[in-house]
Amino acid sequence: MKVQENNQRITQTICFANNKGGSGKTTACANLGFELAAAGKRVLLIDGDMQLNLSLSFFDEVRVLDMAARKQNLYYAVREKRDLAAYIVPTPYENLELVPSSTLMSQIEYELFPMLRREYVLKGCLRQVYESGRYDYVLIDAPPTLGAWVINILCASDYVIVPVEASPWGLFGLANMFDFLQEMRELTEARVMGVLISKVDERKNYYRQTREILKEYANIHVFDVCIHVDSSVEWAQDGSVPVAVYRKGTRSAKEFRELAKEVMSNGSR
């Protein structure tokens, strides 16, 4: 947690990580960011994945590919160890800004390898952002891997949210994820804020099974709210807008609003 000297603003950095793809990381990151901003919090989103999906959650494909083709994106900031403050772009929504990604992020592991203290490059790039006291939350969308880049993201974070899909394979590899986080404790102070169960279908019993299995992790908090399967999420993604913008009253929009409340009350748990 980064506390400003004047005590005017505390910036919490939260990354969304799971080594299994399809867990709903990007969807949760984008919509939580929007809901936090709608609640009056200043939020910076960082698209850490070469798939560009977090960027596509707020801008159309032409704009996203244009930002990816230029040098005003995360890849060049990290490669050149530049401060991220110069790479921030406003989204169409108040209080919500973004550092876009690039398809070149596929090469970031190679770029990091020869660097000194390579685990802390992203943290260094965020220094001016923290010192500015501009943001309440920095949310980072991590790729579905457990390599050097994800270690970088963890070292820059205060908390980790682990989205888990309520499906037969949703929990596959979760033990590896928690073991990995445990191994990283010497490098990072990031702690698991909670597991977010996503893609819940009440017609199936996978949600109940997932809850039961997660009880085995005694020290891991599971968010009270879960995110149900909702076609509005896909339609919102197709339109490059948050689900609450696509349809404010939809079930998933209400659930992301509840998730934002849980995250904002995290310090009181």
Note to self: The criterion is side chain to side chain contact (heavy atoms under 4.5 Å, CB included); which residues satisfy it with Arg82, sequence neighbours excluded?
What the structure shows: Glu80, Tyr87
Margin query: Under a 3.5 Å distance rule, please check whether Asn53 uses its side chain to pair with a backbone N or O of Thr26 as donor and acceptor.
Written below: no
Check: If you look only at pairs with a residue in residues 98-122, which of them pass as a side-chain hydrogen bond (donor to acceptor under 3.5 Å, both in side chains), with sequence neighbours excluded?
Finding: Tyr75-Glu111
Margin query: Just to verify, which of Ile161, Val162, Val160 counts as forming a side chain to side chain contact (heavy atoms under 4.5 Å, CB included) with Met193?
Written below: Ile161
Item checked: Qualifying ring pair (Phe, Tyr, Trp, His ring centres under 6.0 Å) pairs, either residue in residues 26-45, two or more places apart -> Phe34-Tyr93
Checklist line | Ser167: side-chain hydrogen bond (donor to acceptor under 3.5 Å, both in side chains) partners, not counting sequence neighbours | finding: none
Item checked: Any donor-acceptor pair under 3.5 Å from Asn152 side chain to Leu122 backbone -> yes
Note to self: Just so I know, are the side chains of Pro144 and Asn19 near enough to count as touching, which here means a heavy-atom distance under 4.5 Å?
What the structure shows: no
Notebook entry, point to check: What residues form a salt bridge (charged side-chain N to carboxylate O under 4.0 Å, His left out) with Asp201, not counting sequence neighbours?
Noted result: Arg203
Next item on the list: Go through the structure and list residues passing salt bridge (charged side-chain N to carboxylate O under 4.0 Å, His left out) with Glu212, not counting sequence neighbours.
Entry: Lys215
Next item on the list: Sorted by first residue and then second, give each ring pair (Phe, Tyr, Trp, His ring centres under 6.0 Å) pair with at least one member in residues 178-212; sequence neighbours left out.
Entry: Phe178-Tyr217
Notebook entry, point to check: With sequence neighbours left out, what residues match Ser198 under side chain to side chain contact (heavy atoms under 4.5 Å, CB included)?
Noted result: Glu165, Ile227
Next item on the list: From the options Tyr137, Tyr130, Tyr159, select the one residue that forms a side chain to side chain donor-acceptor pair (under 3.5 Å) with Thr13.
Entry: Tyr130
Next item on the list: Mind checking side chain to side chain contact (heavy atoms under 4.5 Å, CB included) for Arg185 and listing every partner two or more places apart, or none if nothing turns up?
Entry: Gln182, Arg191
Next item on the list: Report, as yes or no, whether the 6.0 Å neighbourhood of atom CZ on Arg127 holds more than 12 heavy atoms from other residues, nucleotides or ligands.
Entry: no
Check: How close do Glu35 and Ala253 get, heavy atom to heavy atom, and via which atoms?
Finding: OE2-O, 3.9 Å
Can I get a per-line list of side-chain donor-acceptor pairs under 3.5 Å for residues 234-248, giving both atom names and the distance, sequence neighbours left out?
residue: Gln237; atom: NE2; partner: Thr27; partner atom: OG1; Å: 2.8
residue: Ser240; atom: OG; partner: Leu56; partner atom: O; Å: 3.0
residue: Ser240; atom: OG; partner: Phe59; partner atom: O; Å: 3.1

Notebook entry, point to check: Of all heavy-atom pairs between Met115 and Val121, which one has the smallest distance, and what is that distance?
Noted result: SD-CG2, 3.7 Å
Next item on the list: For the residue pair Asp230 and Ser252, confirm or rule out a side-chain donor-acceptor distance under 3.5 Å.
Entry: yes
Check: Looking only at heavy atoms, what is the nearest atom pair of Leu196 and Ala28, with distance?
Finding: CD2-CB, 3.7 Å
Check: Sub-3.5 Å donor-acceptor pair from the side chain of Ser157 to the main-chain atoms of Ile153, do we have one?
Finding: yes
Item checked: Tyr135 and Glu97 side chains, donor-acceptor separation under 3.5 Å -> yes
Margin query: Taking the side chain as everything from C-beta on, heavy atoms only, tell me whether Ile46 gets closer than 4.5 Å to Val138.
Written below: yes
Item checked: salt bridge (charged side-chain N to carboxylate O under 4.0 Å, His left out) partners for Asp141, two or more places apart -> Lys25
Margin query: Please enumerate all residues that pass side chain to side chain contact (heavy atoms under 4.5 Å, CB included) together with Lys71, with sequence neighbours excluded.
Written below: Tyr76
